[in-house]
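Working notes for the structure below.
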Amino acid sequence: MSTIQLSFWIATILMLLLLDFTVDAQSSADVVFPLKRYGNIVPGTDITKALANAWKDACTSNRSSAIVIPGGIFNVKEGIFKGPCNSPIGFQLGGTLQAPKSLLGNNWITFERIDRLTLSGEGVFDGQGKAAWKKNDCHKRINCAQLPISLRFNFITNSIVKRITSLDSKNFHINVLGCNNLTFHNISITALENSPNTDGIHIGRSNRIAITMSKIATGDDCISLGDGSKQINITNVTCGPGHGISIGSLGRYTNEEPVEGVIVNNCTIINTTNGVRIKTWPAFAASGTATNMQFLDIIMVNVSNPILIDQEYCPWNQCNRKIPSKIKISKVSFKNIRGSCATPVAIKLICSRHLPCDEVKVGDIDLTYNGIKGPITSQCTNVRPIISGKQNPKICSSPYVVP
């Protein structure tokens with residue numbers, strides 16, 4: 001672990017200790033802006049305009065402020081909450097905000113260019129995605145119509161999101177872009193297992209992001225890390241159903257930034273298609289790197305692909321697997337991963353023949369398979385893993401067959 005990673009890990013632990021004793025935004029704010037000040041705020045009404053007016057007043061306050069949304073179910077057509085603000089600002093949600101069922105576009109709720117934001121409360125962001133999922137074919141077709149992401153955090157710094165729930169997003173639940181020092185603590189993300197493209201939290205081009213003590217059950221990756229993700233700390237997260245915790249996919253677009261310094265620690269992954277995964281596209285011109293990634297102390301429960309490096313990631317045959325990936329993967333550690341898998345191939349380390357993986361460490365693996373499709377095995381190509389401790393299954397025990 002590098003000095004930078006260790007410093008971030010210590011800072012995250014201290015943040016966690018503080019979070020358990022941190023009061024809500026309303027209690028810590030010098031000025032409170034209750035939403036009822038901005039109109040007839042009763043359950044079932046549209047509060048889009050009231051929220052915009054409250055945000056304007058709170059953001060321009062010269063003292064720390066908080067917007068307080070009461071209990072009840074309210075409608076919001078679209079919310080864009082931009083800074084910079086004059087002082088620390090809180091957004092405390094006590095009830096449920098519902099998106100329009102027919103909302104199209106890329107956004108529903110957006111927080112942008114804010115320093116020292118606290119988003120808290122026991123409230124729910126309800127994307128009402130069930131009616132839209134059947135229209136979403138982006139998992140099959142590249143040029144598809146986009147549906148809105150429920151919560152966007154763009155260029156947020158030194159901030160905390162805690163105890164909120166994201167329900168039934170139409171697309172990603174949470175998207176993090178260009179953020180620095182942002183923590184998600186004790187959040188809940190829920191959508192049906194068959195809901196397409198409903199990634200729980202997607203992170204891109206962001207630094208020092210922590211996800212802690214959270215539960216994510218959705219139809220796609222519980223957590224996905226895009227290019228430019230650096231110093232990411234994921235700990236005590238329960239994932240499932242879904243597609244697991246993924247780095248990537250990488251290599252599809254030009255000018256992608258490196259991924260480095262990722263720690264996934266003390267997580268439980270249940271009934272997912274993948275456990276911990278690194279995925280890159282073949283057949284695209286983009287090159288890049290993914291390095292210094294650690295997957296530690298993880299429990300798998302009936303996971304189809306518990307440990308996976310897939311540099312031939314090509315869903316729905318949208319590319320040519322015969323053209324190797326140009327993403328260089330190095331310094332990866334899988335350690336103390338145990339539990340059960342739903343298929344006999346428990347470990348796949350499928351690296352690029354153009355740029356084989358370097359310094360992949362695999363140690364203390366104890367996975368079981370109780371099915372009828374053969375003994376538990378692992379597959380490797382274009383990699384020579386550094387092996388230590390227990391090996392169940394034996395690493396690189398069977399040949400890899402090109403699909």
For Ser330, the option from Thr291, Asn292, Asp358 that meets side-chain hydrogen bond (donor to acceptor under 3.5 Å, both in side chains):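 Among Thr291, Asn292, Asp358, the one that satisfies the side-chain hydrogen bond (donor to acceptor under 3.5 Å, both in side chains) with Ser330 is Thr291.
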
For a 4.5 angstrom cut-off between non-hydrogen side-chain atoms, does [X] reach [Y]?
X: Ser246; Y: Asn274; value: no
X: Ile47; Y: Val76; value: yes
X: Lys162; Y: Thr183; value: no
X: Lys82; Y: Arg113; value: no
X: Ser169; Y: Trp133; value: no
X: Tyr369; Y: Val345; value: no
X: Phe74; Y: Thr45; value: yes
X: Ile347; Y: Pro393; value: yes

For the pair Asp30 and Ser64, evaluate side-chain hydrogen bond (donor to acceptor under 3.5 Å, both in side chains) and give the outcome as yes or no after the intermediate values. CA-CA 5 Å; Asp30 292 332; Ser64 61; 3.2 Å; yes

Approximate separation, where rounding is to 0.5 Å, of [X] [atom1] and [Y] [atom2]:
X: Ile189; Y: Asp168; atom1: CD1; atom2: CG; value: 12.0 Å
X: His185; Y: Ser120; atom1: NE2; atom2: OG; value: 11.5 Å
X: Ile89; Y: Ile114; atom1: CD1; atom2: CD1; value: 6.5 Å

Do side-chain atoms of [X] reach the backbone of [Y] as a donor and acceptor pair under 3.5 angstrom?
X: Ser397; Y: Ile395; answer: no
X: Asn86; Y: Thr60; answer: yes
X: Thr280; Y: Leu250; answer: no
X: Asn106; Y: Pro148; answer: no
X: Gln311; Y: Ile327; answer: yes
X: Asp310; Y: Glu312; answer: yes
X: Asp126; Y: Gln98; answer: no
X: Ser214; Y: Thr212; answer: yes
X: Asn233; Y: Arg208; answer: no
X: Lys101; Y: Gln128; answer: no

For the residue pair [X] and [Y], what are the closest heavy atoms and their distance?
X: Leu35; Y: Ile41; value: O-CG1, 3.3 Å
X: Asn382; Y: Arg353; value: ND2-N, 3.3 Å
X: His202; Y: Gly226; value: CE1-N, 3.7 Å
X: Val259; Y: Gly228; value: CG2-N, 4.1 Å
X: Ser206; Y: Gly178; value: OG-N, 3.1 Å
X: Trp281; Y: Cys314; value: CZ3-CA, 4.4 Å

Return yes when the gap between the SG atoms of Cys396 and Cys380 is under 2.5 Å; return no otherwise.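 Yes.
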
Passes side-chain contact (heavy atoms from CB on, under 4.5 Å), Ile234 versus Cys267? Steps please. CA-CA 8 Å; Ile234 300 166; Cys267 294; 4.1 Å; yes

Say whether Asp57 and Tyr38, considering side chains only, have a donor N or O and an acceptor N or O under 3.5 Å apart.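 Yes.
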
Just checking, is any N or O donor in the side chain of Asp297 or Asn336 under 3.5 Å from an acceptor N or O on the other one?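 Looking only at side-chain atoms, Asn336 and Asp297 do form a donor-acceptor pair, the distance falling under 3.5 Å.
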
Decide side-chain hydrogen bond (donor to acceptor under 3.5 Å, both in side chains) for Thr235 and Asn266; before the verdict, give the C-alpha distance in whole Å, the side-chain angles of both, and the deciding distance to 0.1 Å. CA-CA 6 Å; Thr235 185; Asn266 197 26; 5.0 Å; no

Among Lys390, Arg338, Lys394, which one satisfies salt bridge (charged side-chain N to carboxylate O under 4.0 Å, His left out) with Asp366?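 Of Lys390, Arg338, Lys394, salt bridge (charged side-chain N to carboxylate O under 4.0 Å, His left out) with Asp366 is met by Lys390 alone.
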
Report the residue from Thr381, Ile329, Ile309, Ile278 that forms a side chain to side chain contact (heavy atoms under 4.5 Å, CB included) with Cys351.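 By the side chain to side chain contact (heavy atoms under 4.5 Å, CB included) criterion, Cys351 pairs with just one of Thr381, Ile329, Ile309, Ile278: Ile309.
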
More than 12 heavy atoms from other groups under 6.0 Å of CD on Glu78: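 For Glu78, atom CD is crowded (more than 12 foreign heavy atoms under 6.0 Å).
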
Under the side-chain contact (heavy atoms from CB on, under 4.5 Å) rule, what do Leu177 and Arg205 come out as? Steps first, then yes or no, please. CA-CA 6 Å; Leu177 175 65; Arg205 305 206 173 190; 4.3 Å; yes

Determine, step by step, whether Thr218 and Thr198 satisfy the side-chain hydrogen bond (donor to acceptor under 3.5 Å, both in side chains) criterion, reporting the C-alpha distance in whole Å, the side-chain angles of both residues, the deciding distance to 0.1 Å, and the verdict. CA-CA 6 Å; Thr218 188; Thr198 54; 2.8 Å; yes

